[in-house]
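Worksheet: one structure, shown below.
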Amino acid sequence: MAALITKFCSQALIIFLLILPSLVSKSCAASIVVYWGQNGGEGTLTDTCASGRYEIVNIAFLSQFGNGQTPLINLAGHCDPASNGCQGVSNEVRNCQNQGIKVLLSIGGAGGSYTLSDEDDARRVADYIWNNFLGGQSNSRPLGDAVLDGVDFDIEMGVPHYDALARKLSEYSTSSRKVLLSAAPQCPFPDQLLNGALTTGLFDYVWVQFYNNPQCEYSSSNFDAFKNSWNQWNNIDARFFFVGLPASQAAAGSGYVPSNDMINQVLPFVKMSGKYGGVMLYDRFQDIQTGYSTQIQGSI
(Lines give C-alpha, C1' and ligand atoms only; values in the text may rest on other atoms or scores of the structure.)
Protein backbone atom coordinates (compact mmCIF):
# COMPACT_ATOMS: atom_id res chain seq x y z
CA MET A 1 0.00 0.00 0.00
CA ALA A 2 2.80 2.40 0.93
CA ALA A 3 4.48 1.69 -2.40
CA LEU A 4 1.27 2.45 -4.28
CA ILE A 5 0.84 5.73 -2.43
CA THR A 6 4.44 6.69 -3.13
CA LYS A 7 4.01 5.86 -6.83
CA PHE A 8 0.77 7.87 -7.01
CA CYS A 9 2.34 10.90 -5.31
CA SER A 10 5.36 10.73 -7.63
CA GLN A 11 3.11 10.66 -10.68
CA ALA A 12 1.03 13.55 -9.34
CA LEU A 13 4.19 15.57 -8.71
CA ILE A 14 5.44 14.94 -12.25
CA ILE A 15 2.10 16.04 -13.74
CA PHE A 16 2.10 19.21 -11.59
CA LEU A 17 5.64 20.07 -12.64
CA LEU A 18 4.71 19.58 -16.28
CA ILE A 19 1.74 21.97 -16.12
CA LEU A 20 3.39 24.48 -13.77
CA PRO A 21 5.06 26.53 -16.57
CA SER A 22 1.73 27.06 -18.31
CA LEU A 23 0.08 28.06 -15.04
CA VAL A 24 2.83 30.55 -14.30
CA SER A 25 2.76 32.00 -17.81
CA LYS A 26 -0.99 32.53 -17.63
CA SER A 27 -0.96 34.12 -14.19
CA CYS A 28 1.98 36.39 -15.05
CA ALA A 29 1.02 37.17 -18.63
CA ALA A 30 1.84 40.70 -19.73
CA SER A 31 -0.76 42.87 -21.45
CA ILE A 32 -1.04 45.29 -24.34
CA VAL A 33 -3.11 48.37 -23.53
CA VAL A 34 -4.54 50.71 -26.15
CA TYR A 35 -6.36 54.05 -26.24
CA TRP A 36 -9.56 54.10 -28.28
CA GLY A 37 -11.94 56.97 -29.05
CA GLN A 38 -10.04 59.77 -30.73
CA ASN A 39 -10.35 58.80 -34.39
CA GLY A 40 -13.49 57.69 -36.17
CA GLY A 41 -11.35 55.70 -38.60
CA GLU A 42 -10.21 53.24 -35.92
CA GLY A 43 -13.40 51.18 -36.03
CA THR A 44 -15.74 50.34 -33.19
CA LEU A 45 -14.89 49.38 -29.65
CA THR A 46 -16.26 45.92 -30.44
CA ASP A 47 -13.84 45.63 -33.39
CA THR A 48 -10.99 46.75 -31.17
CA CYS A 49 -11.64 44.05 -28.59
CA ALA A 50 -12.37 41.37 -31.20
CA SER A 51 -8.94 41.95 -32.78
CA GLY A 52 -7.31 39.81 -30.09
CA ARG A 53 -4.51 42.34 -29.67
CA TYR A 54 -5.40 43.99 -26.36
CA GLU A 55 -6.16 43.11 -22.75
CA ILE A 56 -7.09 46.63 -21.60
CA VAL A 57 -8.79 49.42 -23.56
CA ASN A 58 -8.92 53.04 -22.40
CA ILE A 59 -11.91 55.01 -23.70
CA ALA A 60 -10.52 58.48 -24.41
CA PHE A 61 -11.32 61.08 -23.19
CA LEU A 62 -13.44 62.71 -20.51
CA SER A 63 -11.82 65.97 -21.57
CA GLN A 64 -13.89 68.53 -19.66
CA PHE A 65 -14.46 68.47 -15.92
CA GLY A 66 -13.82 70.33 -12.69
CA ASN A 67 -14.00 73.94 -11.51
CA GLY A 68 -17.77 74.10 -12.00
CA GLN A 69 -17.74 72.94 -15.61
CA THR A 70 -20.27 70.44 -16.93
CA PRO A 71 -18.28 67.24 -17.53
CA LEU A 72 -18.04 66.24 -21.19
CA ILE A 73 -16.70 63.14 -22.89
CA ASN A 74 -15.21 63.59 -26.36
CA LEU A 75 -15.20 60.54 -28.63
CA ALA A 76 -14.17 62.46 -31.76
CA GLY A 77 -15.80 60.99 -34.87
CA HIS A 78 -17.47 58.05 -33.14
CA CYS A 79 -20.61 59.60 -31.66
CA ASP A 80 -22.04 62.77 -30.11
CA PRO A 81 -22.64 62.45 -26.37
CA ALA A 82 -24.40 65.83 -26.25
CA SER A 83 -27.32 64.32 -28.19
CA ASN A 84 -27.18 61.00 -26.30
CA GLY A 85 -25.62 59.50 -29.40
CA CYS A 86 -23.11 57.37 -27.53
CA GLN A 87 -25.56 55.14 -25.66
CA GLY A 88 -24.78 52.26 -28.02
CA VAL A 89 -21.21 52.12 -26.71
CA SER A 90 -22.67 50.38 -23.67
CA ASN A 91 -23.23 47.13 -25.57
CA GLU A 92 -19.73 47.36 -26.98
CA VAL A 93 -18.27 47.76 -23.51
CA ARG A 94 -20.07 44.61 -22.40
CA ASN A 95 -18.84 42.75 -25.48
CA CYS A 96 -15.28 43.58 -24.47
CA GLN A 97 -15.81 42.67 -20.83
CA ASN A 98 -17.35 39.34 -21.81
CA GLN A 99 -14.04 38.54 -23.50
CA GLY A 100 -12.15 39.31 -20.30
CA ILE A 101 -10.95 42.69 -21.53
CA LYS A 102 -10.89 45.56 -19.03
CA VAL A 103 -12.41 48.84 -20.21
CA LEU A 104 -11.42 52.04 -18.44
CA LEU A 105 -12.54 55.66 -18.77
CA SER A 106 -9.55 57.87 -19.53
CA ILE A 107 -9.84 61.38 -18.13
CA GLY A 108 -7.81 64.35 -19.31
CA GLY A 109 -5.73 64.11 -22.46
CA ALA A 110 -3.59 66.66 -24.26
CA GLY A 111 -6.54 68.89 -25.16
CA GLY A 112 -9.83 69.87 -23.62
CA SER A 113 -10.63 71.91 -20.53
CA TYR A 114 -10.10 70.30 -17.17
CA THR A 115 -8.76 71.17 -13.76
CA LEU A 116 -9.53 70.57 -10.10
CA SER A 117 -9.87 73.74 -8.06
CA ASP A 118 -9.54 72.04 -4.66
CA GLU A 119 -10.09 68.71 -2.91
CA ASP A 120 -13.86 69.21 -2.64
CA ASP A 121 -13.97 69.76 -6.38
CA ALA A 122 -11.99 66.55 -6.86
CA ARG A 123 -14.49 64.60 -4.77
CA ARG A 124 -17.41 66.04 -6.74
CA VAL A 125 -15.77 64.93 -9.98
CA ALA A 126 -15.24 61.46 -8.48
CA ASP A 127 -18.93 61.27 -7.59
CA TYR A 128 -19.85 62.27 -11.13
CA ILE A 129 -17.60 59.61 -12.65
CA TRP A 130 -18.97 56.95 -10.30
CA ASN A 131 -22.60 57.78 -11.04
CA ASN A 132 -22.19 58.24 -14.80
CA PHE A 133 -19.60 55.67 -15.86
CA LEU A 134 -19.04 53.21 -13.02
CA GLY A 135 -21.39 51.48 -10.59
CA GLY A 136 -23.54 54.41 -9.53
CA GLN A 137 -26.88 55.68 -10.78
CA SER A 138 -27.70 58.61 -13.07
CA ASN A 139 -30.35 59.52 -15.62
CA SER A 140 -27.72 60.93 -17.96
CA ARG A 141 -25.05 58.26 -18.37
CA PRO A 142 -23.17 59.27 -21.57
CA LEU A 143 -22.21 55.71 -22.53
CA GLY A 144 -25.39 54.03 -21.34
CA ASP A 145 -25.75 51.58 -18.49
CA ALA A 146 -22.54 49.57 -18.91
CA VAL A 147 -20.28 49.68 -15.85
CA LEU A 148 -16.68 50.46 -16.78
CA ASP A 149 -13.88 48.75 -14.87
CA GLY A 150 -12.08 51.85 -13.68
CA VAL A 151 -10.49 55.20 -14.44
CA ASP A 152 -7.29 56.15 -16.23
CA PHE A 153 -5.58 59.43 -15.31
CA ASP A 154 -4.01 60.95 -18.44
CA ILE A 155 -3.47 64.33 -16.83
CA GLU A 156 -1.51 66.91 -18.80
CA MET A 157 -2.88 70.20 -17.46
CA GLY A 158 -4.63 71.77 -14.49
CA VAL A 159 -3.97 71.86 -10.77
CA PRO A 160 -2.65 68.73 -8.99
CA HIS A 161 -5.51 67.71 -6.69
CA TYR A 162 -5.64 64.28 -8.27
CA ASP A 163 -4.68 62.50 -5.05
CA ALA A 164 -8.11 63.46 -3.64
CA LEU A 165 -9.78 62.22 -6.83
CA ALA A 166 -7.97 58.87 -6.61
CA ARG A 167 -8.84 58.43 -2.94
CA LYS A 168 -12.52 59.15 -3.48
CA LEU A 169 -12.76 56.81 -6.48
CA SER A 170 -10.99 54.10 -4.51
CA GLU A 171 -13.57 54.42 -1.72
CA TYR A 172 -16.18 53.10 -4.15
CA SER A 173 -14.36 49.76 -4.41
CA THR A 174 -16.05 46.80 -2.76
CA SER A 175 -14.98 43.26 -1.95
CA SER A 176 -16.79 42.06 -5.06
CA ARG A 177 -15.73 44.79 -7.48
CA LYS A 178 -12.65 46.98 -7.37
CA VAL A 179 -12.50 50.34 -9.09
CA LEU A 180 -9.30 49.97 -11.08
CA LEU A 181 -7.05 53.02 -11.24
CA SER A 182 -4.40 53.66 -13.85
CA ALA A 183 -2.20 56.60 -14.75
CA ALA A 184 -0.22 57.75 -17.78
CA PRO A 185 2.52 60.02 -16.39
CA GLN A 186 5.19 61.63 -18.54
CA CYS A 187 8.50 59.80 -18.26
CA PRO A 188 10.50 62.62 -16.56
CA PHE A 189 10.39 61.60 -12.90
CA PRO A 190 8.39 62.61 -10.97
CA ASP A 191 5.37 63.74 -13.00
CA GLN A 192 4.47 67.16 -11.59
CA LEU A 193 0.70 66.79 -12.03
CA LEU A 194 0.34 63.15 -11.00
CA ASN A 195 3.00 62.79 -8.33
CA GLY A 196 0.58 63.35 -5.45
CA ALA A 197 -1.90 60.83 -6.79
CA LEU A 198 0.76 58.22 -7.48
CA THR A 199 2.16 58.46 -3.95
CA THR A 200 -1.18 57.28 -2.55
CA GLY A 201 -0.32 53.68 -3.43
CA LEU A 202 -3.81 53.20 -4.90
CA PHE A 203 -2.90 52.67 -8.54
CA ASP A 204 -3.11 49.29 -10.20
CA TYR A 205 -1.45 50.23 -13.48
CA VAL A 206 1.02 52.91 -14.47
CA TRP A 207 1.78 53.22 -18.19
CA VAL A 208 4.62 55.71 -18.41
CA GLN A 209 4.62 57.86 -21.55
CA PHE A 210 8.08 57.32 -23.00
CA TYR A 211 7.34 59.68 -25.89
CA ASN A 212 7.37 63.43 -26.52
CA ASN A 213 10.05 63.53 -23.82
CA PRO A 214 13.46 63.05 -25.49
CA GLN A 215 15.33 63.17 -22.17
CA CYS A 216 13.92 59.80 -21.07
CA GLU A 217 12.77 58.08 -24.24
CA TYR A 218 14.45 55.00 -25.66
CA SER A 219 17.30 55.77 -28.02
CA SER A 220 19.78 53.28 -29.44
CA SER A 221 22.50 55.88 -28.83
CA ASN A 222 21.49 56.54 -25.20
CA PHE A 223 19.67 53.53 -23.76
CA ASP A 224 20.71 54.55 -20.23
CA ALA A 225 18.31 57.50 -20.21
CA PHE A 226 15.38 55.14 -20.70
CA LYS A 227 16.75 52.60 -18.22
CA ASN A 228 17.22 55.21 -15.50
CA SER A 229 13.71 56.56 -15.94
CA TRP A 230 12.16 53.07 -15.95
CA ASN A 231 13.99 52.16 -12.75
CA GLN A 232 12.85 55.36 -11.04
CA TRP A 233 9.22 54.70 -11.91
CA ASN A 234 9.43 51.13 -10.67
CA ASN A 235 10.30 52.39 -7.20
CA ILE A 236 6.89 53.96 -6.57
CA ASP A 237 4.06 52.07 -4.88
CA ALA A 238 1.92 50.69 -7.72
CA ARG A 239 1.14 47.14 -8.85
CA PHE A 240 2.25 47.06 -12.49
CA PHE A 241 4.26 49.28 -14.81
CA PHE A 242 3.96 49.48 -18.59
CA VAL A 243 6.11 50.95 -21.33
CA GLY A 244 3.95 53.60 -23.00
CA LEU A 245 4.76 54.15 -26.69
CA PRO A 246 3.29 55.67 -29.84
CA ALA A 247 2.01 52.95 -32.19
CA SER A 248 3.53 54.80 -35.16
CA GLN A 249 5.88 57.64 -35.92
CA ALA A 250 2.84 59.78 -36.74
CA ALA A 251 1.30 59.24 -33.30
CA ALA A 252 3.82 61.42 -31.44
CA GLY A 253 6.50 64.01 -32.01
CA SER A 254 9.19 61.64 -30.78
CA GLY A 255 9.61 58.36 -28.95
CA TYR A 256 8.61 55.80 -31.58
CA VAL A 257 10.59 52.59 -31.07
CA PRO A 258 11.02 50.28 -34.10
CA SER A 259 9.58 46.86 -33.33
CA ASN A 260 12.96 45.13 -33.70
CA ASP A 261 14.51 47.46 -31.11
CA MET A 262 11.50 46.91 -28.87
CA ILE A 263 11.81 43.14 -29.08
CA ASN A 264 15.60 42.90 -28.84
CA GLN A 265 16.50 45.82 -26.56
CA VAL A 266 13.64 47.33 -24.57
CA LEU A 267 11.55 44.30 -23.67
CA PRO A 268 14.40 42.09 -22.38
CA PHE A 269 15.36 44.93 -20.03
CA VAL A 270 11.92 45.91 -18.69
CA LYS A 271 10.83 42.29 -18.26
CA MET A 272 13.46 41.92 -15.54
CA SER A 273 11.26 44.03 -13.28
CA GLY A 274 8.94 42.17 -10.93
CA LYS A 275 6.39 44.90 -11.57
CA TYR A 276 6.47 44.67 -15.36
CA GLY A 277 2.93 44.68 -16.75
CA GLY A 278 3.29 45.08 -20.51
CA VAL A 279 3.06 47.77 -23.16
CA MET A 280 0.66 50.69 -23.67
CA LEU A 281 0.11 51.97 -27.20
CA TYR A 282 -1.32 55.27 -28.39
CA ASP A 283 -3.57 54.73 -30.16
CA ARG A 284 -5.85 52.17 -31.83
CA PHE A 285 -6.02 54.05 -35.15
CA GLN A 286 -2.26 54.22 -35.47
CA ASP A 287 -1.90 50.59 -34.44
CA ILE A 288 -4.21 49.58 -37.27
CA GLN A 289 -1.96 51.45 -39.72
CA THR A 290 1.29 49.84 -38.56
CA GLY A 291 0.28 46.56 -36.96
CA TYR A 292 2.73 47.40 -34.17
CA SER A 293 0.90 45.39 -31.50
CA THR A 294 0.95 42.24 -33.64
CA GLN A 295 4.67 42.67 -34.26
CA ILE A 296 5.52 42.71 -30.55
CA GLN A 297 2.68 40.59 -29.18
CA GLY A 298 4.64 37.37 -29.08
CA SER A 299 7.51 38.98 -27.16
CA ILE A 300 5.87 40.94 -24.40
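No experiment lies behind these values; they were computed from the predicted model shown.
Between Y205 and W207, the gap from one ring centroid to the other is short of 6.0 Å.
At a threshold of 4.5 Å between non-hydrogen side-chain atoms, the residues V206 and S182 do not count as touching. Under the 4.5 Å side-chain criterion, counting only non-hydrogen atoms from C-beta, M272 is not in contact with Y276. Side-chain atoms of D121 and H161, non-hydrogen and from C-beta on, never get closer than 4.5 Å to each other.
Taken from CD in Q87 to SG in C79, the straight-line distance is 9.5 Å, to the nearest 0.5 Å. Atoms CG and CZ, on L148 and F133 in that order, are 7.5 Å from each other to the nearest 0.5 Å. Atoms CG and OG, on D283 and S248 in that order, are 8.0 Å from each other to the nearest 0.5 Å. For the atom pair S140 OG and N84 CG, the distance stands at 8.5 Å (nearest 0.5 Å). For the atom pair CD (Q286) and CD (Q289), the distance works out to 6.0 Å, reported to the nearest 0.5 Å.
Remark: the T200 side chain and the D163 side chain contain no N/O donor-acceptor pair separated by less than 3.5 Å. N131 and S138 are not linked by any side-chain donor-acceptor pair at a separation below 3.5 angstrom, with hydrogens and angles left out of the test. Side-chain atoms of T70 and Q64 form no donor-acceptor pair, as typed in the model, at a separation below 3.5 Å.
The ring-ring contact (aromatic ring centres under 6.0 Å, His included) test with F189 is passed by exactly one of F210, F226, W233: W233. Remark: of the listed residues Y256, Y282, Y54, Y256 is the sole one forming a ring-ring contact (aromatic ring centres under 6.0 Å, His included) with Y292. A side-chain contact (heavy atoms from CB on, under 4.5 Å) with L143 is found for exactly one of V103, N132, L75, L45, namely L75.
Residues F61 and Q38 come closest through the heavy atom pair N-NE2, 3.5 Å.
Stacking of K227 on the aromatic ring of F223 is recorded, both the 6.0 Å distance cut-off and the 45° axial limit being met.
Ring planes of F153 and Y162: perpendicular class, angle over 60° (limits at 30 and 60°).
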